[in-house]
Amino acid sequence: MNDELAISKLIPIIAPFLVIQLILMVIAITLCIKAEATRGPKPMWILIIIFVNIVGPVAFLIAGRRNER
Amino acid sequence: MSKGGKKGGTSRYGALLGKEMLELARSMKLVWVPLVFVALGIMQPVSIYYMPLILEHGGNLPEGTVIEMPMPLPSEVMSGTLSQFGVIGILVLVLVYMGVVSGERSSGTASLILVKPVSIMAYLGSKLTAMLLLALLSLLCGYLAAWYYTDLLIGKFAFGEFLGSFLLYGLWLAFAMAATLLFSTILRSSAGAAACVLVLLALLSIAANLAPHFAGWLPGALNSYAAQAANSTIEYTDVFVWVIVCTVLLIAGAYALSCTLLRNSATID
Amino acid sequence: MSTLLEVSGLSRSFGSVQAVNGIEFSVGEGRCVALLGPNGAGKTTTIRMLAGLLKPTSGAIKYAGQSERADVREGIGYLPQSPAFYPWMTGLEFAVYAGKLCGLGGREAGRSAGEWLERVGLKDAAKRKIGGYSGGMKQRLGLAQALIHRPKLLIMDEPVSALDPVGRREVLELIRELKRETTVLFSTHVLHDAEELCEDIIIINKGDIALQGSLEGIRNSYRKPIIELTMEPDEGSSRWARELVASVAAGQGGSNPLLADAMLQGNELRLSVREMEEARSHLLRSIVDNEVKLVRLQAGYSTLEDLFMKVVRI
């Protein structure tokens, strides 16, 4: 009873994080696939982007690409 | 190296800024950096509100333990959010912009741009403008998200306090961006520039905390003033005005120094 | 012919290395000038100083008709050796951006960018990202962005040296067209490119000007009669050739009034002669006397290549 209550209350709270994670993931994966040169192998980055919440995509967006500037 | 006609000068600044904004949009930075701030902004009120629940489920507490935790004030949650921005938010912004000048110089693009009749003031000015826009937009998005969730979960937070703390914290971010521009102009290595900026910002914040009487007029004090503004207990002393004046002057100084250094450097690219 | 650019006493050192050592030259309006020299001669350093990207240690660069306060960059188009663009922009976007930076209005920049991209053959690729361009396409985009504001002087650093033969040909043809409309100064280490395009050449070596002038003038005044010999690789012929080279080198003309210079490469002997008729008959007699097994003998005149090699070897 108590647990059910907690989960139903948690959903609206977790939802925005999931949405943010999803958007960051889509952006990072798109840019990763399109990137000419990444620091380290692309499959590794894609795994990091998918499995490390929020931090994974951000790490790729900041440090993952070579000479994009 | 004159600037050319006044009209020409502004339109070239416009073209340069247009390119900077297009780059922000194309690289999706205009989306993902604010999103990181939004995540940070939501995190603070949510984690505070659910702290008892999290402890109850995660901690190895005996059955039936009732956790009594006083719910913090909305203003405390909001100022806590600002300190979240102060660590991870600033880190992201500085890392995003660490190569703002050095990157273009080392790739050789700067040599294509600066042989055109554009002034160095317009060139660096457009970059600083784009940096400030991204930083303030991110802060606004993140802080609005924090406000919404604080309001939803914890309690009312007044608009005046929101605006005051937003502006003070925005000034601190603006200073961080101006420092990034300066170090990216001085140093060829973007990682080195990022390290210098982060150390400088950390030193300023620590100094303002440890010795408010000596370092209270430096930009580092903006952190605590923004937190005070959120708590609506700001002490409007003489020093408060000086912090603002001093920070604005330092931002202008960092910009002017960047221009001078780039203009007088032996090689532009 | 009026002078467009006047360079005097231009020097640049990097630490203790003197990259450019007080060079002086001028560029006439409407001329095509090649800055010729081997790698490391100081060509790129000179070009970068002319474009305002590098401050000279000393010396002056004067553009004609420019007052002291005016921005000299208004009149210059510059193409670096391998231009670096923003890979996320399209070719058209970059050309328009370059036009706006040169002070063109939005509509004018768009029109001019379209025209130039068409001229350099990038019309079809104009809306593609520069990140996907080939080396030759980038070089042609580089030309378009350098010319967008119709500069009086187009400065290029090794415009074709990084390109494959096809790209090289395309860019050379473009420059040949462009030089009718504007003054062109470019650096190269390939004499052939300079000969093909230019009216004037400036040969620099180790930071100094070794030789400068109009191509025709240099060709005429440095034209020397030469004789080239090819022999069979047998012992007797080689010894004869070595002795001949040694006598020229030792005497420096004293003992051998006919030959100014001799150079032996494998079985080929190159001789600079002072007087063709006498030298030829003397040589032929010597060949018969020494039973040299001659394969080929050719009398002619020295080429620019010979001069270039000689000047640069010093």
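No hydrogens, no waters, no symmetry mates; every other heavy atom, side chains included, goes into these values.
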Identify the heavy atoms of [X] and [Y] that sit nearest to each other, and give their distance.
{"X": "C:Glu74", "Y": "B:Arg12", "result": "OE2-NH1, 3.7 Å"}
{"X": "C:Pro83", "Y": "B:Leu112", "result": "CB-CD1, 4.2 Å"}
{"X": "C:Lys100", "Y": "B:Ala15", "result": "CB-CB, 3.7 Å"}
{"X": "B:Ser265", "Y": "C:Lys55", "result": "O-NZ, 3.7 Å"}
{"X": "C:Leu53", "Y": "B:Ser111", "result": "CD1-CB, 3.6 Å"}
{"X": "B:Ser107", "Y": "C:Ala84", "result": "O-CB, 3.0 Å"}

Side chain, backbone, both or neither: which part of [X] has a heavy atom under 4.5 Å from chain B?
{"X": "C:Ala109", "answer": "neither"}
{"X": "C:Met89", "answer": "both"}
{"X": "C:Phe14", "answer": "neither"}

### Over 12 foreign heavy atoms within 6.0 Å of CH2, B:Trp217
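No, not enclosed.
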
### Message
For B:Tyr148, is the OH atom crowded, meaning more than 12 foreign heavy atoms sit under 6.0 Å from it?
### Response
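Counting other residues, nucleotides and ligands, OH of B:Tyr148 stays at 12 neighbours or fewer.
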
### Message
With rounding to the nearest 0.5 angstrom, report the OH to CG distance, B:Tyr123 to C:Leu101.
### Response
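These two atoms lie 10.5 Å from each other.
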
### Message
Would you compute the distance between atom NZ of B:Lys19 and atom OH of C:Tyr86 and round it to the nearest 0.5 angstrom?
### Response
3.5 Å

### Query
What do the steps show when you test B:Val115 against C:Ile76 for side chain to side chain contact (heavy atoms under 4.5 Å, CB included), and what is the final call?
CA-CA 8 Å; B:Val115 291; C:Ile76 301 178; over 6 Å; no

### Query
Is it the backbone or the side chain of B:Ser27 that comes under 4.5 Å from a heavy atom of chain C, or both, or neither?
neither

### Query
Is the closest basic N to carboxylate O distance between C:Glu93 and B:Arg26 below 4.0 Å?
yes

### Message
The test is side chain to side chain contact (heavy atoms under 4.5 Å, CB included); show your working for B:Leu16 and C:Tyr97 and say whether it passes.
### Response
CA-CA 8 Å; B:Leu16 287 160; C:Tyr97 180 50; 3.2 Å; yes

